[in-house]
**Q** 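Sharing a structure with you now.
Keep in mind that what you see is a predicted model, and the values were worked out from it rather than measured. All residue numbers in this chain count up from 1 along the given sequence.
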Amino acid sequence: LMEPKGYANAFEALFDDPAEVANLTARSELMALLRERVEAWGVTQGEAAKRLGLTRPRLNELLRGHIDRFSLDALVNLLPRAG
């Protein structure tokens, strides 16, 4: 019997390329951090979008975790606006 392989996260289970895994992991963590920040503001999505310099539909993609729609650079650039 083969021992089941342990993964640090789901991306390791899905992708063989360590660079892709690292990129997706970083993007996922930044999206979660940004989502928490936006929720902590307690403002409307319109106001949150304005603070981040995004459109409401773009903010919605961020809040819903559409990781494929955000590059690592785009997420890093949102950090200063998010405080």
**Q** Kindly compute the distance separating CG (Leu78) from CG (Leu54), expressed to the nearest 0.5 Å.
**A**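 Taking CG in Leu78 and CG in Leu54, the distance rounds to 5.0 Å.
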
**Q** Counting heavy atoms not belonging to Asp16, are there more than 12 under 6.0 Å from its CG?
**A**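 No.
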
**Q** Kindly compute the distance separating CD (Glu29) from CG (Leu75), expressed to the nearest 0.5 Å.
**A**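 These two atoms lie 11.5 Å from each other.
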
**Q** Which pair of non-hydrogen atoms, one from Val76 and one from Leu30, has the smallest distance, and what is that distance?
**A**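 Looking at all heavy atoms of both residues, the closest pair is CG2-CD1, 3.8 Å.
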
**Q** Once rounded to the nearest 0.5 Å, what's the spacing between atom CG of Leu79 and atom CG of Leu34?
**A**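 Taking CG in Leu79 and CG in Leu34, the distance rounds to 5.5 Å.
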
**Q** Look at the side-chain heavy atoms of Ile, Leu, Val, Met, Phe, Trp and Tyr, link any pair under 4.5 Å apart, and say whether Leu14 and Tyr7 land in one connected group.
**A**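 Looking at the clustering, Tyr7 is in a separate group from Leu14.
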
**Q** Below 4.5 Å, heavy atoms only, C-beta onward: do Val38 and Leu52 meet side chain to side chain?
**A**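 With C-beta onward as the side chain, the pair touches.
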
**Q** Are side-chain heavy atoms of Arg51 and Val43 found at a separation under 4.5 Å?
**A**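 Arg51 reaches Val43 side chain to side chain.
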
**Q** Hey, what do you get for CZ (Arg69) to CE (Met31), rounding to the nearest 0.5 Å?
**A**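 The CZ atom of Arg69 sits 10.5 Å away from the CE atom of Met31.
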
**Q** Working to the nearest 0.5 Å, report the span between NE2 of His66 and CZ of Arg58.
**A**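 Between His66 NE2 and Arg58 CZ, I get 11.0 Å after rounding to 0.5 Å.
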
**Q** So which heavy atom on Phe11 is nearest to which on Ser28, and how close?
**A**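 Taking Phe11 first and Ser28 second, the nearest heavy atoms are CE1-CB, 3.8 Å.
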
**Q** Is the backbone N or O of Asp73 less than 3.5 Å from a side-chain atom of Asn77, with the two atoms forming a donor-acceptor pair by type?
**A**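 Side chain of Asn77 to backbone of Asp73, a donor-acceptor pair under 3.5 Å: yes, one is there.
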
**Q** State, with a plain yes or no, whether a side-chain heavy atom of Asn23 is found less than 4.5 Å away from one of Phe15.
**A**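 No, side chains not in contact.
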
**Q** How long is the straight-line distance from CG of Asn9 back to OG1 of Thr25, given to the nearest 0.5 Å?
**A**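 Here the interatomic distance stands at 4.0 Å.
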
**Q** Below 4.0 angstrom, N of the basic side chain to O of the carboxylate: do Glu39 and Arg35 qualify?
**A**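 A salt bridge is absent here (no side-chain N lies under 4.0 Å from a carboxylate O).
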
**Q** Compare every heavy atom of Ala49 with every heavy atom of Leu59, then report the nearest pair and how far apart it is.
**A**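 Shortest heavy-atom separation between Leu59 and Ala49 comes out as CD2-N, 3.6 Å.
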
**Q** Please check this pair: side chain of Arg27 against backbone of Phe70, looking for a donor-acceptor N/O pair closer than 3.5 Å.
**A**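 Judged by distance alone, yes, a pair lies under 3.5 Å.
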
